[in-house]
Amino acid sequence: MADATPLDTPLAVTDRLFFAREGATLDQDSAARLTHSALAASDDGELFLEYQESETISLDDGHIRSAGFDTTLGFGLRAVAGEATGYAHSGELSEAALKRAAATVGAVAAGHAGAEAESPRSTNARLYSDANPLTGMAFGKRTALLAEIDTYARGRDSRVKQVMASVAGAWQAVQIIRVDGQRVADLRPLVRLNVSIVVEQDGRRETGSFGCGGRFGYEHILGESHWRGAVDEALRQALVNLDSRPAPAGEMEVVLGPGWPGILLHEAIGHGLEGDFNRKKTSAFSGLLGQRIAVPGVTVVDDGTIPDRRGSLTVDDEGTPTSRTVLIEDGVLREFLQDRLNARLMGVRATGNGRRQSYAYAPMPRMTNTVMLGGPHDPGEMIRSVKQGLYAVNFGGGQVDITSGKFVFSASEAYLIEGGRVTAPVKGATLIGNGPDVLTRVAMIGNDMALDPGIGTCGKNGQGVPVGVGQPTLKLSGLTIGGTAS
């Protein structure tokens, strides 16, 4: 018999979306029965059900350039036998489609004597609102606000030549059914605001941008103080770039600003601490558990339990509650980020980092909010300690090789440090280095740890998921800078 659930719980909401919607041809009992039959000989697996509403509205030069709304519904069925995974998905949520998927994934466990993995522990944590942000504010109000952003930005400075702004929102409802009948559900809001401004002076054009967001309703980012702050920051960056000079090249001391520069930590170090890379021994950190990999004082955590943050999840996409996982403690490597499959094969606990982009993908180890904790130093003291160097405040894109740890990152906002003072802004600075090596070059750790404003999306194996980063101001004793100065 179907279990009774209170009307306002995530389970009850997802039951209505998946099993009690108009025209539904799949009921809860059939879903549980077919999941049990498909996975009975497997070591692990689950039925992942997803419903999502999403929208994006973009404005360019005072006109709505695009407005899109999308609804998706579907399931993914996974069977795991040893290291092998069978996965089938469908946008048709019906008993017939689930039977076809069960027949497909069942082949992976043929002849396998599965030892059923223990289900994740349950949790009563609620890290964000269950409300759908797309229904909390009238659509016309969102479009009118974008036009107001354009008007406000142009009134701030006569050098503004182009204004681009967008809002994006999503509401994802998931339910996970396991072979033993355990059901876990989650309702996930996500919103974001982006502003980009082009300025021109004496024939030179430069751009500045700013974004913010998180797991809450639109009112958190579309209140007047928030969107005006986003415009002001985008304009500030654009005007700074107008005065920038070509960046120098060579090895020099580097000070990284707090918050978003943690993206370098995420890419150059965080990916190398994911369980799949380490189980397969393709990470630069493979085999180093318990060893010192960074200077004393460096502590890095991945925390999926921070309320309302973009990278947070009440439960991951396998149904495991997220956690605060200490990856590096005072310079010593303590733990990797694990989904259920890699944790089982490595004989360790799952850390709640099994994530997927949608029902069309199988889960794998992914970061949530990856943060370096603060230290004892005043940021001003750190700048004063540098005779000649670079102060990198914001980053754009980058590339990382997981196996070697080598990375290349472009700084979207950076300044020269000369004689212990921040001086001229520079353009075209590229930071080049090696993740494991950078951990040994941390010379000072600031007392100003900050989280990013809520803009991160992480790509891995063709899947993108929302993430968060954070760090204090950091001084690195030496890093190679690729510059544009002749």
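Just so it is clear, the values below take in all heavy atoms, side chains as well, and ignore hydrogens, waters and symmetry mates.
- For the residue pair Pro365 and Gly275, the shortest heavy atom distance occurs at CB-N, 4.0 Å.
- For the residue pair Asp317 / Tyr359, no side-chain donor-acceptor distance below 3.5 Å is found, with atom types taken as modelled.
- One distance of note links NZ of Lys475 with CD1 of Ile417; it measures 9.0 Å at 0.5 Å rounding.
- A side-chain donor-acceptor contact under 3.5 Å links Thr351 to the backbone of Gln338.
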ask   = Going through the checks in order, is the side chain to side chain donor-acceptor pair (under 3.5 Å) test met by Thr72 and Gln52?
value = CA-CA 5 Å; Thr72 59; Gln52 180 166 270; 4.6 Å; no
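- Interatomic distance, Asn447 CG to Glu381 CD, rounded to the nearest 0.5 Å: 9.0 Å.
- Listed for the Ser323 side chain is no donor-acceptor partner under 3.5 Å among the backbone atoms of Gly352.
- Contact check for Arg215 versus Pro466: side-chain heavy atoms found under the 4.5 Å cut-off.
- The OG1 atom of Thr440 lies 10.5 Å from the CD1 atom of Ile293; values are rounded to the nearest 0.5 Å.
- Residue Cys212 comes nearest to Ile221 through the heavy atom pair SG-CG2, 4.0 Å, listed as atom of the first residue, atom of the second, then distance.
- Side-chain polar atoms of Gln388 and Glu253 form no donor-acceptor pair below 3.5 angstrom.
- In Arg245, the CZ atom is not crowded: 12 or fewer heavy atoms of neighbouring residues, nucleotides or ligands sit closer than 6.0 Å.
- In terms of heavy atoms, Pro321 sits closest to Pro120 at CD-CB, 4.4 Å.
- For Arg355 and Glu318, the salt-bridge test fails: no basic side-chain N is under 4.0 Å from an acidic carboxylate O.
- No side-chain heavy atom of Val467 sits less than 4.5 Å from a side-chain heavy atom of Thr368.
- Side-chain atoms of Arg292 come within 3.5 Å of backbone N or O of Ala294 as a donor-acceptor pair.
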I'd like a table of donor-acceptor pairs (distance under 3.5 Å, sequence neighbours excluded) in which one partner is a side-chain atom from residues 131-138, with atom names and distances.
{"residue": "Asn132", "atom": "OD1", "partner": "Leu134", "partner atom": "N", "Å": "2.9"}
{"residue": "Asn132", "atom": "ND2", "partner": "Glu53", "partner atom": "OE1", "Å": "2.9"}
{"residue": "Thr135", "atom": "OG1", "partner": "Asn132", "partner atom": "O", "Å": "3.0"}

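- For Asp186 (side chain) and Leu313 (main-chain N/O), no donor-acceptor pair under 3.5 Å exists by modelled atom type.
- Between Tyr152 and Trp227, the closest side-chain pair of non-hydrogen atoms falls below 4.5 Å.
- Checked options Asp157, Leu239, Asn241; the residue passing with Val199 is Leu239 (criterion: side chain to side chain contact (heavy atoms under 4.5 Å, CB included)).
- Between Leu337 and Thr325, some side-chain heavy-atom pair lies under the 4.5 Å cut-off.
- For the 3.5 Å distance criterion, the side chains of Arg188 and Thr314 fail to qualify, holding no donor opposite an acceptor.
- Rounded to the nearest 0.5 Å, atoms CG (Leu256) and CG (Leu474) are 5.5 Å apart.
- Under the 4.0 Å criterion applied to side-chain N and carboxylate O atoms, Lys280 and Asp276 are not assigned as salt-bridge partners.
- Note on Asp452 versus Arg309: salt bridge recorded, some NZ/NE/NH1/NH2 to OD/OE distance being below 4.0 Å.
- Interatomic distance, Phe75 CZ to Phe18 CZ, rounded to the nearest 0.5 Å: 12.0 Å.
- Arg183 and Gln175 share a donor-acceptor pair across their side chains, judged by distance under 3.5 Å alone.
- For Ser244 and Arg204, the side-chain atoms include at least one donor-acceptor pair closer than 3.5 Å.
- Atom NZ of Lys460 has more than 12 heavy atoms from other residues, nucleotides or ligands within 6.0 Å.
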query = Should Glu55 and Asp70 be marked as a side-chain contact (heavy atoms from CB on, under 4.5 Å) after you check the CA-CA gap, both sets of side-chain angles, and the distance that decides it?
reply = CA-CA 6 Å; Glu55 72 168 13; Asp70 190 30; over 6 Å; no
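- More than 12 heavy atoms of other residues, nucleotides or ligands shown are found within 6.0 angstrom of CZ on Arg142.
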Show the atom names and distances, to 0.1 Å, of all donor-acceptor pairs under 3.5 Å that link a side chain in residues 161-171 to residues at least two apart or in another chain.
{"residue": "Gln162", "atom": "NE2", "partner": "Asp60", "partner atom": "OD1", "Å": "3.1"}
{"residue": "Trp171", "atom": "NE1", "partner": "Asp130", "partner atom": "O", "Å": "2.9"}

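- For the residue pair Asp330 and Thr299, no side-chain donor N or O sits within less than 3.5 Å of a side-chain acceptor on the partner.
- A donor-acceptor contact under 3.5 angstrom links the side chains of Ser312 and Asn369, judged on distance only.
- Under the side chain to side chain contact (heavy atoms under 4.5 Å, CB included) test applied with Leu333, the options Val300, Leu288, Asn278 reduce to a single match, Leu288.
- With a 4.5 Å cut-off on side-chain heavy atoms, Leu431 and Ile481 count as touching.
- Judged by distance alone, the side chain of Thr320 and the main-chain N or O of Asp316 form no donor-acceptor pair under 3.5 Å.
- The minimum heavy-atom distance between Leu222 and Leu145, with the atom names listed, is O-CD1, 3.2 Å.
- For the pair Pro189/Gln172, no side-chain contact is recorded, criterion being any heavy-atom separation below 4.5 Å from C-beta on.
- Between the side chain of Asp243 and the backbone N or O of Pro425, no donor-acceptor pair lies under 3.5 Å.
- Contact of the Arg366 side chain with the Asn353 side chain is not registered, since no non-hydrogen atoms from C-beta on lie closer than 4.5 Å.
- Here the closest non-hydrogen pair linking Gly297 and Ile445 is O-CD1, 3.3 Å.
- A donor-acceptor contact shorter than 3.5 Å links the side chain of Arg441 to the backbone of Gly478.
- Of all heavy-atom pairs spanning Ser385 and Met444, the tightest one is OG-SD, 3.6 Å.
- Applying side chain to side chain contact (heavy atoms under 4.5 Å, CB included) to Val400 and the options Glu267, His266, His271 leaves one that passes, Glu267.
- A donor-acceptor contact shorter than 3.5 Å is absent between the side chain of Arg205 and the backbone of Val198.
- Within the 3.5 Å criterion, the main-chain N or O of Ala350 finds no donor-acceptor partner in the side chain of Arg340.
- Residues that satisfy the salt bridge (Lys or Arg N to Asp or Glu O under 4.0 Å) test with Asp150, not counting sequence neighbours, are Arg154.
- Checking Arg159, Lys427, Arg236 one by one against Glu206, the salt bridge (charged side-chain N to carboxylate O under 4.0 Å, His left out) holds for a single residue, Lys427.
- With hydrogens and angles ignored, the 3.5 Å screen pairs a side-chain donor or acceptor of Gln471 with a backbone N or O of Gly257.
- Side-chain contact check for Thr14 versus Leu187: some heavy-atom pair is nearer than 4.5 Å.
- For Thr370 and Asp302, the side-chain atoms include at least one donor-acceptor pair closer than 3.5 Å.
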CA sep, side-chain torsions, deciding dist, call: Leu289, Phe336, side-chain contact (heavy atoms from CB on, under 4.5 Å) = CA-CA 8 Å; Leu289 274 178; Phe336 297 126; 3.6 Å; yes
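- Checking Tyr87 against Arg356 by side-chain atom types alone, a donor-acceptor pair falls below 3.5 Å.
- Atom CG of Leu146 and atom OG of Ser58 lie 8.0 Å apart (nearest 0.5 Å).
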